[in-house]
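Values in this document were obtained by computation on a predicted structure and should not be read as measured data. Just so it is clear: chains get the letters A, B, ... in the order the sequence lines come, proteins before strands, and each one is counted from 1.
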Amino acid sequence: MIREDFRDFLPADVPADKEKEFLENFEKSTGGSGRLMLFAGDQKVEHLNNDFHGEGIPEEDNDPEHLFRIAKMAKIGVFATQFGLISRYGRDYKDVPYLVKLNSKTNLVPYDAKDPYSQQWLEVEDVVRFRDSSGLDIRGVGYTVYLGGEHEHSMLREAARIVHEAHSHGMLAVLWMYPKGPFVKNEHDPHLIAGAAGVAACLGADFAKVKVPYDKEGQPLPELLQEATTAAGRTGVLCEGGSRIDEETFLRQLHEQIHIGHSRGNGTGRNIHQRPLQEAVKMADAIYAVTCENKSVKEALEILA
Amino acid sequence: MIREDFRDFLPADVPADKEKEFLENFEKSTGGSGRLMLFAGDQKVEHLNNDFHGEGIPEEDNDPEHLFRIAKMAKIGVFATQFGLISRYGRDYKDVPYLVKLNSKTNLVPYDAKDPYSQQWLEVEDVVRFRDSSGLDIRGVGYTVYLGGEHEHSMLREAARIVHEAHSHGMLAVLWMYPKGPFVKNEHDPHLIAGAAGVAACLGADFAKVKVPYDKEGQPLPELLQEATTAAGRTGVLCEGGSRIDEETFLRQLHEQIHIGHSRGNGTGRNIHQRPLQEAVKMADAIYAVTCENKSVKEALEILA
Amino acid sequence: MIREDFRDFLPADVPADKEKEFLENFEKSTGGSGRLMLFAGDQKVEHLNNDFHGEGIPEEDNDPEHLFRIAKMAKIGVFATQFGLISRYGRDYKDVPYLVKLNSKTNLVPYDAKDPYSQQWLEVEDVVRFRDSSGLDIRGVGYTVYLGGEHEHSMLREAARIVHEAHSHGMLAVLWMYPKGPFVKNEHDPHLIAGAAGVAACLGADFAKVKVPYDKEGQPLPELLQEATTAAGRTGVLCEGGSRIDEETFLRQLHEQIHIGHSRGNGTGRNIHQRPLQEAVKMADAIYAVTCENKSVKEALEILA
Amino acid sequence: MIREDFRDFLPADVPADKEKEFLENFEKSTGGSGRLMLFAGDQKVEHLNNDFHGEGIPEEDNDPEHLFRIAKMAKIGVFATQFGLISRYGRDYKDVPYLVKLNSKTNLVPYDAKDPYSQQWLEVEDVVRFRDSSGLDIRGVGYTVYLGGEHEHSMLREAARIVHEAHSHGMLAVLWMYPKGPFVKNEHDPHLIAGAAGVAACLGADFAKVKVPYDKEGQPLPELLQEATTAAGRTGVLCEGGSRIDEETFLRQLHEQIHIGHSRGNGTGRNIHQRPLQEAVKMADAIYAVTCENKSVKEALEILA
Amino acid sequence: MIREDFRDFLPADVPADKEKEFLENFEKSTGGSGRLMLFAGDQKVEHLNNDFHGEGIPEEDNDPEHLFRIAKMAKIGVFATQFGLISRYGRDYKDVPYLVKLNSKTNLVPYDAKDPYSQQWLEVEDVVRFRDSSGLDIRGVGYTVYLGGEHEHSMLREAARIVHEAHSHGMLAVLWMYPKGPFVKNEHDPHLIAGAAGVAACLGADFAKVKVPYDKEGQPLPELLQEATTAAGRTGVLCEGGSRIDEETFLRQLHEQIHIGHSRGNGTGRNIHQRPLQEAVKMADAIYAVTCENKSVKEALEILA
């Protein structure tokens, strides 16, 4: 049964015959909490092999199947990765809840050398057909928008179309919202992040992944999120996980982002997959517990024990 | 019953089976006055969060639902905002008269650093399907044209198509006409504004939102509007509201724009929404009274009391 | 009855079931003379409001309806203006013979600052549907080609398609042929103009509007047109009217362009519309008399009296 | 009856139901010789009016109908010119064998100022429909590829599609292959020309028109063609005619290109049309005799006598 | 009968009714080994005529039919070349297993002068129709992705679509993965190559052709491949053959790449075709023996004897 209060999260461009499907995708992906634990696995393009091989990273992380193993064994909301990677492992990981990341770019060209353009790879229609023909549990699509550069207009257009087409098919749409380029002085400025979150709301996104806001000393105070989470309206704000830090700090910050900053979830990659399988699964479970099961930091840490 | 004299505002590209619908959209949106009070709510992209959070702005303005609450409670012609934002709140605000703003860009890149391109996000067909499937009261579409830069050609093409497609479906088309770029020395030059208004007429727009013309001392004399309102022909000229000023000055200028300058309405955002809900509603009502109900400034100020 | 000799002007890409319509459009638009008097009214975009308001221009010219009033009352071949402007006045000016100008750009960016691109606004199919649904007397389409710049390829392609699509629907196609850009030293060079006219022939145009050729002293000798009118083959060369000059000089030059230079008509805007209505109508009638009625300059001047 | 050995020239992407038509086009256009005499008449765009008017050029060459008169009266393989020009004269020249040149650019912008882009004007489908509705004898399409510049990718794509679509409809495809731009030091380098011919083969062209290779002293030795004619495989190499030279030299070079260099024809414009009609026809006949009738230079010169 | 364990290589976007066809293409092209011996014949565009004519290259290599003769007589997995070249020889080489290389660019513009863009020439749908109408044994498609430049976004999009469309039709997809441009300091860096291989996996490719990784002294140690072959997951890594070297070194490196580096094949052109036909066939057979028949270097060398 769909909770009545989730209707607040049902966009008006979901047609009547897709309402039930959309609400089920929302309910299941948020574990009934309205909050999304997004396991981010798109870095093999975004960061090439940097996040998967090197000092402090276990060898098994280099095999892309590591991500699928975690996604299968852990509690997660959705596993976000590229269409092609899902196509290569999907037959053996049918029950993983997927979110197809529709664009990606490499990190070879620095942001200050050229304004980034991460173009849409495939159409939402392709994803829908893939979902239907493969029987995979694909619940939504994702797309990164870089605001502030010469390609902003192309990416805003692609984002708007993707969100609307996803809703037309009863699927969730998550946007990664990152201001970039020579006129962006501080990506962690709370006011700028609130602006980016507001753009996601105007694009109709269900969730928007943003940078963590910092104060003037560079500290991630959870209160600073409030401007963004309010500005985003009914679009849920997800904080990005960032590079790997210690578990307790990670989980405490996550808890504060949700309960003080009013974020509606998180998008975490490296803090999960840069561990051996069992540890990675536990870390994902702990993150899920805080995000979707209203667990305290202490309770979550017990999962890791 | 449709007033006979509104047929002057019925463009020839509205097909016979959509004439009644177009004229009803026109009649209702202008309150039978032929003038449009457009409540502008597209700034969450255009200005990021600057207009919604900061000194002198009430906290409630940061929540995008504030715009919808005003639009529901106040007398307005149309509420202009992005498709995605309408999709997120539309189910709870079914009776608001909407105008879907089809393009938007952020303010991260200054106009003098790069010629602006605000690309169309969605097709008019998408809006029509959305209107029909959602039952929302969507009456028209809007689009900003930046004249004078390297993307002028793309925006003129998109504008011409949007206006014609809107008319083909019996909907209104409003263009925001802004000359920009290194060759535009003075955006408030009455002759330049008249040129922009004339371009809107050649694009077939029903209404064109323009800058307020200034004299050589930078004063907004209403007589200066006459060149533009004449040059626009049957396309109604809307003056933009601009940044927030005191109520009496605002309403007096509006009255003079209409009765001396022959504008056919206004597009106002910040002067309405940067107030607590009840005040915002009253201000919108006062603007509507001057615009569509032929009220005097004095009568309008009584609404605010 | 269609004159047999007009079959020379019937392009082979007019399909059999559209031949009669094309020949009627040609016959009517040239008054049976094979020559076209084109009343040019696209300057509200091309020159913004410069041609319509200012010293020496009557106030009534600022209202776009002035153009329609002239087009209705005067003898003209076709009135060339943008789709949108026709849509705004067409219901009241049903009998005017229209030619839809499919592209336009403003004059804000100087030609030496950036190579011009005037992109097609609407499809020929849109014009055909508009003609059929509105019942307006639309006889053809027009398009400006700027040769010599970085967008030449886009404009040649659009022009070729427009001409062919117009013919496919039995409509006339007129091209404005203007070499521009840093490598064009003299726009009035007779050899360059002949080249531009030849390009129009290769694009299949029915008529090509070109600059008036000058001799080395900058004088518009009519003999200099002969290279272009021969190079254009079966494509009729129209000389542009240019800025307003005295009536007798204008009519004499027009007469010589036709009878010495072998032009097949003219495209005139400012020399007609920058006058009060009655004068404008007489001037158009005089131009028509020389162009299509084989009248002498003296006879034409009597019309103005 | 189709000669069996022409099946070597039947590309595999000609579908079974178009094989007969393709082979007939090939047989007829090569006069049964497998070699193509292409009468090039696309210079009215490529060179503007330079090739048609000026010192040493007869007046009648300025009229585009001159080209059609030659094409009608002379023995030629195909007359290659733009769609639009064919459309203007086709009704009076129904029996001319046409090859529609699908792209062209002017010579206003020097190659060293900007990398050239000569975009496709019309689709192969348009040509097929035109052929079928007009009854004209259109046997193929042509397209120029400029290798080496920033638009190479667009032109390779257009060329590949044009060749395949032509074959799909049983028509011939001829490519003009010209390396250009700042990294091309010597357009007459035999190795570079061989490379360009090989690209044409990879694009599937039936014939490729290339520059004449020179030795280090700038002499056009026919042996130097062998690298290109071998590299081109089953794609026939056509040498371009270039600017007008004396008849005997022209015919001797042509004979050597074929019999020593193994070219499979030629593409000649100025050396034919820059003459009075009767002379032009004789010159075309002489070129045809050498190319397709295996005549000696002496025999061909007798035609001119 | 299809081996059960090949189902690991069956991507989930192959629809049920194409599974058998895909697995047969995979089985046949890998000779049942899961490894691909790709005979690369796309250099006539990529390197113009450099690889086919010059010192040390036999004359017969200049004729493109040389490639087809080798492909017919030797044991190979697939022969990869452009659509057009296949169309010119396909009727005489019906049994060759083809892989259509869908993009190519020339080497005229150096990589450091301009970021490369090798655009898709034809659609996968065109290949499918060609395969079906011609009866040729076309088993897959190929595409080169240049990472790191200003066109990366276009090429990632084209690659993603090509892979998915190939799978939708039961065909193999091979990607050439080459980081290029000013920010790529060392194309042979093992970590960079691993990144490129991972991108291919995210694009869903069946095989990815990459550069050979070097150690800091520029030596191609096979161990260095392991990062890439792991990072590529279920996408098989093919090492490129590069310029011609002696047979024993070539075969030993190939053997080590497979058995130490865990590559899943190779893409070799020059080391095969730059030999007289019989030698070329033997060399291809020897490469096939190591790649697909688990032969030792010694056994392979005996083939050459």
Which bit of [X] is near chain D, if near means a heavy-atom gap under 4.5 Å: side chain, backbone, both or neither?
X: C:A159; result: neither
X: C:L192; result: side chain
X: C:A197; result: neither
X: C:V199; result: both

Option in [options] with maximal non-hydrogen atom pairs under 4.5 Å from chain D:
options: C:A200, C:A16, C:A194; answer: C:A194
options: C:G233, C:A160, C:G198, C:G204; answer: C:G204
options: C:G181, C:C202, C:A205; answer: C:C202

What closest approach, in Å, do D:L108 and C:P179 show between heavy atoms, and which atom pair accounts for it?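 Shortest heavy-atom contact: CD1-CB, 4.1 Å.
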Looking only at heavy atoms, what is the nearest atom pair of D:V109 and C:G149, with distance?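 Between these two residues, the closest heavy atoms are CG2-N, 4.2 Å.
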Only pairs under 3.5 Å, no angle test: what donor-acceptor pairs are there between chain C and chain D?
unit_1, atom_1, unit_2, atom_2, d
C:F9, O, D:R88, NH2, 3.2
C:L10, O, D:R91, NE, 3.1
C:P11, O, D:R91, NE, 3.3
C:P11, O, D:R91, NH2, 3.1
C:A12, N, D:S87, O, 2.5
C:V14, O, D:R91, NH2, 3.0
C:E19, OE2, D:R91, NH1, 3.1
C:E152, OE1, D:T106, OG1, 2.6
C:E152, OE2, D:T106, N, 2.9
C:H153, ND1, D:Q119, OE1, 3.0
C:R157, NH1, D:Q120, O, 2.8
C:R157, NH2, D:E123, OE2, 3.3
C:H191, NE2, D:N50, OD1, 2.7
C:C202, O, D:G84, N, 3.2
C:C202, O, D:L85, N, 3.4
C:G204, O, D:R88, NH1, 2.9
C:A205, O, D:R88, NH1, 3.1
C:D206, OD1, D:R88, NH1, 2.9
C:D206, OD1, D:R88, NH2, 3.3
C:E227, O, D:N62, ND2, 3.1
C:E227, OE1, D:H53, ND1, 3.3
C:E227, OE2, D:N49, ND2, 2.7
C:E227, OE2, D:H53, ND1, 3.4
C:R234, N, D:Y89, OH, 3.2
C:R234, NH1, D:R88, O, 3.1
C:R234, NH1, D:D92, OD2, 3.0
C:R234, NH2, D:D92, OD2, 2.7

Options D:P64, D:G54, D:G90, ranked by heavy-atom pairs under 4.5 Å with chain C, top entry: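 Highest number of heavy-atom pairs under 4.5 Å: D:P64.
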